[in-house]
Novice: 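A single structure is presented below for examination.
The figures that follow rest on heavy atoms only: side chains count, while hydrogens, waters and symmetry mates do not.
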Amino acid sequence: MRKLIVSTFLSLDGVMQAPGLPDEDTSGGFDQGGWQIDYFDEVFGETLMQGFAATDALLLGRKTYDIFAAFWPVQPDDDPIAPTMNGFDKFVVTRTLDEAEWVNSEVIKGDVVAEIKKLKERPGKDIRVIGSGDLSQTLIENDLVDEYQLVVHPLVLGSGKRLFRDGTASTKLRLVDSKPTTKGVLILTYVPDHS
């Protein structure tokens, strides 16, 4: 069975909202978008590419899918990440989209939990969830996450959407890898601890 990995950029206070661009997600009045850009370094990049090498599919919520579909296909050919992102199979969980335009994309509707379980049973490499805060809540609530890669940045944002929100069920996790970057970011890999 394929592993489903939730891979998320976080602040020290657990905020995951709009790490990439200032206007990525301003819902709730969030005005601190683009907060992770200054923290990218070689260690970060190498870890990202290693994770991508073990992955062949992205599972995305509608908002993240729309952001990625508008961004990655128009990046220059020499961008080190764009060919990988564009080459992945993409599965977008949505209530409203009937067709997905980005190359190699498929819409998941209806019984999302059942469809994701089927997706995990298909042959292939890891399935990675990036961003997709609302979708991540569904995955966490239904015990569908096999691994968390939490990229924790040394800053406190004070507000914004969090990965582990109020009301999340108590869950034990086991640390299986940790790596600091030169800029103080911690790349932490956890798996659910069912002991």
Side-chain angles (χ1 to χ4, degrees), residues 3-55 58-68 71-72 80-81 85 93 126-195:
K3 270 195 308 191
L4 194 150
I5 301 169
V6 169
S7 184
T8 305
F9 299 139
L10 297 174
S11 65
L12 277 176
D13 55 338
V15 175
M16 65 180 294
Q17 187 169 357
L21 298 168
D23 59 351
E24 186 175 311
D25 178 2
T26 58
S27 62
F30 190 74
D31 62 359
Q32 299 182 74
W35 50 267
Q36 71 86 195
I37 299 203
D38 292 337
Y39 294 96
F40 196 84
D41 71 355
E42 195 171 302
V43 176
F44 195 118
E46 285 174 9
T47 304
L48 185 72
M49 296 312 285
Q50 287 169 358
F52 283 168
T55 301
L58 299 177
L59 178 64
L60 304 169
R62 171 68 189 273
K63 289 178 191 173
T64 302
Y65 177 84
D66 286 345
I67 292 165
F68 283 12
F71 182 82
W72 290 113
I81 298 174
M85 296 296 280
V93 175
D126 296 340
I127 304 163
R128 194 165 289 266
V129 179
I130 301 173
S132 307
D134 291 340
L135 170 60
S136 293
Q137 302 313 300
T138 300
L139 300 173
I140 292 166
E141 288 166 14
N142 290 280
D143 197 26
L144 292 171
V145 181
D146 299 300
E147 184 175 296
Y148 294 91
Q149 185 181 61
L150 307 179
V151 185
V152 182
H153 294 69
L155 80 160
V156 174
L157 293 171
S159 67
K161 297 176 186 172
R162 289 171 166 73
L163 176 61
F164 299 107
R165 299 178 182 174
D166 288 347
T168 299
S170 178
T171 305
K172 288 185 180 180
L173 301 174
R174 181 169 46 88
L175 182 68
V176 294
D177 190 44
S178 63
K179 187 180 300 179
T181 74
T182 63
K183 298 203 175 182
V185 173
L186 290 176
I187 302 169
L188 307 170
T189 304
Y190 291 93
V191 296
D193 184 354
H194 297 294
S195 61

Novice: Identify, with sequence neighbours excluded, every residue that meets side chain to side chain contact (heavy atoms under 4.5 Å, CB included) alongside Asp13.
Specialist: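 Per chain and number, Asp13 pairs via side chain to side chain contact (heavy atoms under 4.5 Å, CB included) with Ser11, Val15, Val156, Leu157, Arg162.
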Novice: Can you name the side chain to side chain contact (heavy atoms under 4.5 Å, CB included) partners of Lys183, sequence neighbours left out?
Specialist: Tyr39, Asp41, Thr181
Novice: Let me see the working for Met49 and Ile81 under side-chain contact (heavy atoms from CB on, under 4.5 Å), right down to the final yes or no.
Specialist: CA-CA 8 Å; Met49 296 312 285; Ile81 298 174; 4.2 Å; yes
Novice: Please name the pair of heavy atoms, one in Pro192 and one in Glu147, separated by the smallest distance, quoted to 0.1 Å.
Specialist: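 That would be CD-N, 4.4 Å.
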Novice: Run the side chain to side chain contact (heavy atoms under 4.5 Å, CB included) test against Thr64 and tell me which residues pass, sequence neighbours left out.
Specialist: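 Only Leu60, Phe68, Ser132 meet the side chain to side chain contact (heavy atoms under 4.5 Å, CB included) criterion with Thr64.
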Novice: Among residues two or more places apart or on two chains, list those pairs meeting side chain to side chain donor-acceptor pair (under 3.5 Å) that have a residue in residues 163-177.
Specialist: Asp134-Arg165
Novice: Okay, side chain of Trp35, backbone of Gln17: is any donor-acceptor separation there less than 3.5 Å?
Specialist: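 At least one qualifying donor-acceptor pair exists.
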Novice: If we check side-chain contact (heavy atoms from CB on, under 4.5 Å) with Ile187, which of these qualifies: Val152, Thr47, Leu48?
Specialist: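 The passing option is Thr47.
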Novice: Backbone N or O of Ser136 within a donor-acceptor pair of the Glu141 side chain at under 3.5 Å?
Specialist: no
Novice: So Arg128 and Phe52, side-chain contact (heavy atoms from CB on, under 4.5 Å) or not? Walk me through it.
Specialist: CA-CA 8 Å; Arg128 194 165 289 266; Phe52 283 168; 4.1 Å; yes
Novice: Starting at CG of Leu58, measure out to CD1 of Ile5 and round the result to the nearest 0.5 Å.
Specialist: 11.0 Å
Novice: I need the minimum non-hydrogen distance between Ile67 and Glu24, along with the two atoms involved.
Specialist: CD1-O, 3.4 Å
Novice: Write down the atom of Phe30, the atom of Ser159, and the distance for their closest heavy-atom approach.
Specialist: CE1-O, 3.2 Å
Novice: If the condition is side chain to side chain contact (heavy atoms under 4.5 Å, CB included), which residues does Asp146 pass it with, not counting sequence neighbours?
Specialist: Lys3, Leu4, Lys120
Novice: Please round to the nearest 0.5 Å and tell me the distance separating atom OG1 of Thr55 and atom CD1 of Ile127.
Specialist: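 Reported value, rounded in 0.5 Å steps: 9.5 Å.
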Novice: Mind checking ring-ring contact (aromatic ring centres under 6.0 Å, His included) for Phe9 and listing every partner two or more places apart, or none if nothing turns up?
Specialist: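 For Phe9, the residues satisfying ring-ring contact (aromatic ring centres under 6.0 Å, His included) (neighbours in sequence not counted) are Phe44, His153.
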Novice: Provide the closest heavy-atom pair for Pro180 versus Val43 in the form atom of the first, atom of the second, distance.
Specialist: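 Scanning both residues completely, I find the closest heavy atoms to be O-CG1, 3.7 Å.
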Novice: Can you measure from NZ (Lys63) to CG (Asp25) and round to the nearest 0.5 angstrom?
Specialist: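 Result: 5.5 Å between the selected atoms.
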Novice: Would a 4.5 Å heavy-atom cut-off, applied to side chains only, mark Leu188 and Tyr148 as touching?
Specialist: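 The answer is no; the side chains never approach within 4.5 Å.
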Novice: State whether the side chain of Asn142 and the backbone N or O of Leu144 hold a donor-acceptor pair below 3.5 Å, judged by distance alone.
Specialist: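 Checked: no pair found.
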Novice: If you measure from CG on Leu150 to CG on Leu173, what distance do you get to the nearest 0.5 Å?
Specialist: 8.0 Å
Novice: Do you know the tightest heavy-atom contact between Asp23 and Thr26?
Specialist: CA-CG2, 4.1 Å
Novice: Could you check whether any side-chain N or O of Gln149 sits under 3.5 Å from a backbone N or O of Ser7, counting only pairs where one atom can act as donor and the other as acceptor?
Specialist: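 Not at all, since once roles are kept as given, no pair shorter than 3.5 Å links the two residues.
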